[in-house]
There are 2 protein chains.
Amino acid sequence: MILESMKTYRSFAAGDVILWRGEPLEFVASMVSGVATLSKTLEDGRTQMVGLLLPSDFIGRPGRTEIEFDVTATVDVTLCCFDRTKFEKVVQETPHIAQRLMELALDELDAARDWMLLLGRKTAREKIATFIEMLARRSNLQASFDAPEIKLNLTRDQIANYLGLTLETVSRQFSALKKDGIIDFADRKHFTLKDLAALRDETGDDADGGVVA
Amino acid sequence: MILESMKTYRSFAAGDVILWRGEPLEFVASMVSGVATLSKTLEDGRTQMVGLLLPSDFIGRPGRTEIEFDVTATVDVTLCCFDRTKFEKVVQETPHIAQRLMELALDELDAARDWMLLLGRKTAREKIATFIEMLARRSNLQASFDAPEIKLNLTRDQIANYLGLTLETVSRQFSALKKDGIIDFADRKHFTLKDLAALRDETGDDADGGVVA
DNA sequence: CGTGTTATTGATAGGTTTCAAGTTCGGTGG
DNA sequence: CCACCGAACTTGAAACCTATCAATAACACG
């Protein structure tokens, strides 16, 4: 059985929920385009993002019939989907796919653990600096001249849910970094990074690039 | 090649560091006895535990030559070790081991994401309640009569590093739960759970046992 | 029975949240 | 094209929770 023959494409509009927590999981998928978030919610509504999905990231887990978090499209999303049970058969017949999936899971685990350090121990300013540094690292792959313009695909509220803050604190910290000349906003969704070294100093991480994820 | 023929046992005393972050990884291992912690540290010394290893848990990752966190024995630990490169060969020759390891990684990932919710959004009291509930769930497997005595293998400081709190706050929350009649301390390392339902109400999680970890 | 480590408890300070106006922005319809 | 409208964002003031600083108490160990 060949994966190519099993794939279908599905699209979701910005704001759509792709998967609900606890819902039977009928497909696994690969992100083709867009941005999606994984989030968990407490009974009183407090929510925490536990992952960010970008193109090439994988959704779903062979062997699991449901997931423990909601998956939501933050901008328009296109997925390349495979029927879950069929996919599982292919995995069993093709050992190196299991290894590849394990490596993806371990990468996610490393990223999750970096995020645990951020959530548990970093100040608001360090959280924002770390977040921006992460965006810069990813954006640089596409456009790497000295003062790259970076696009925010998330609202302040979504950033707050990612960093374990409130949207007001996120806004205040952006303003503070701007006042300190580290970043500059073109508009609310686009900013430029003016001083990467200073930003790194604000992340709280080791001077050498200790953070990998 | 058979795994049985490759194993060696190694022991570590309470407090010993089993693996340093960044150190070349020469073996993978399975916990035989004891408790070990995974932790990450910021440049100024703030630390955050990112995992807890109990008997049967796995250490190390095929395909990685180093790890991103320190592994420390909190009580005496015995490991069953396998040479990393030899183990990797066995994994490649034995497909279902890769699948099993992937499932372990996914379990850890689920646990990490529950912990992200705790670190990012729960109050000190909710963190402590969640922590105790987790201990109770694990202890119940061994001794399941109505008011089980639970042993704390961690110091207040280690609990604080696990929960993203200070040791003083941990101590205060334990005292508060005792004052409210939810737990009762025999001594500083042993307590009994007097009101599981009340404890669950304090975790902030859904009423149905939504948390799986 | 000291002595050092670990834990408890109190007082204070500080950072983030909460509550509450305003403001900017993007989209829509006149 | 412009005015309006709602959503997203910014900013301020006050409250609250947790951290910090400090002193005391309990325990483990020699």
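Just so it is clear: chains get the letters A, B, ... in the order the sequence lines come, proteins before strands, and each one is counted from 1. Please read these numbers as outputs of a predicted model, since none were measured by experiment.
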Classify the nucleic acid contact of K189(B) as base, sugar-phosphate or nothing, counting any heavy atom under 4.0 Å across all strands shown. sugar-phosphate
K179(A) NZ to dT10(D) P: how many Å, rounded? 15 Å
Ionic contact status for R172(B) with E168(B), cut-off 4.0 Å: no
Main-chain N/O of Y162(A) paired with W115(A) side-chain donor or acceptor, under 3.5 Å: yes
dA8(D) P sits how many Å from Q158(A) CD, rounded? 9 Å
Suppose the criterion is side chain to side chain donor-acceptor pair (under 3.5 Å): which pairs have a residue in residues 176-189 of chain B, not counting sequence neighbours? R125(B)-D180(B)
Does the side chain of N153(B) come under 3.5 Å of the side chain of T74(B) through a donor N or O and an acceptor N or O? no
Give K178(A) one of three labels, base, sugar-phosphate or nothing, depending on what nucleic acid heavy atoms sit under 4.0 Å from its own. nothing
Side chains of T85(B) and D83(B): is there a donor and an acceptor less than 3.5 Å apart? yes
Within the 4.0 Å limit for protein heavy atoms, which parts of nucleotides 17-30 of chain D are touched? Write it as a string from 5' to 3', B for base, S for sugar-phosphate only, - for none. -SSBB----BS---
First-last contacting nucleotides on DNA chain C - partner chain B, under 4.0 angstrom, heavy atom: dT6(C) to dA11(C)
In terms of relative ring orientation, are F191(B) and F185(B) parallel, tilted or perpendicular, with 30° and 60° separating the classes? tilted
What is the minimum heavy-atom distance between Q158(B) and M49(B), and which atoms define it? O-CE, 3.1 Å
Using a strict cut-off of less than 4.0 Å between a Lys/Arg side-chain nitrogen and an Asp/Glu carboxylate oxygen, indicate whether D205(A) and K122(A) qualify as a salt bridge. yes
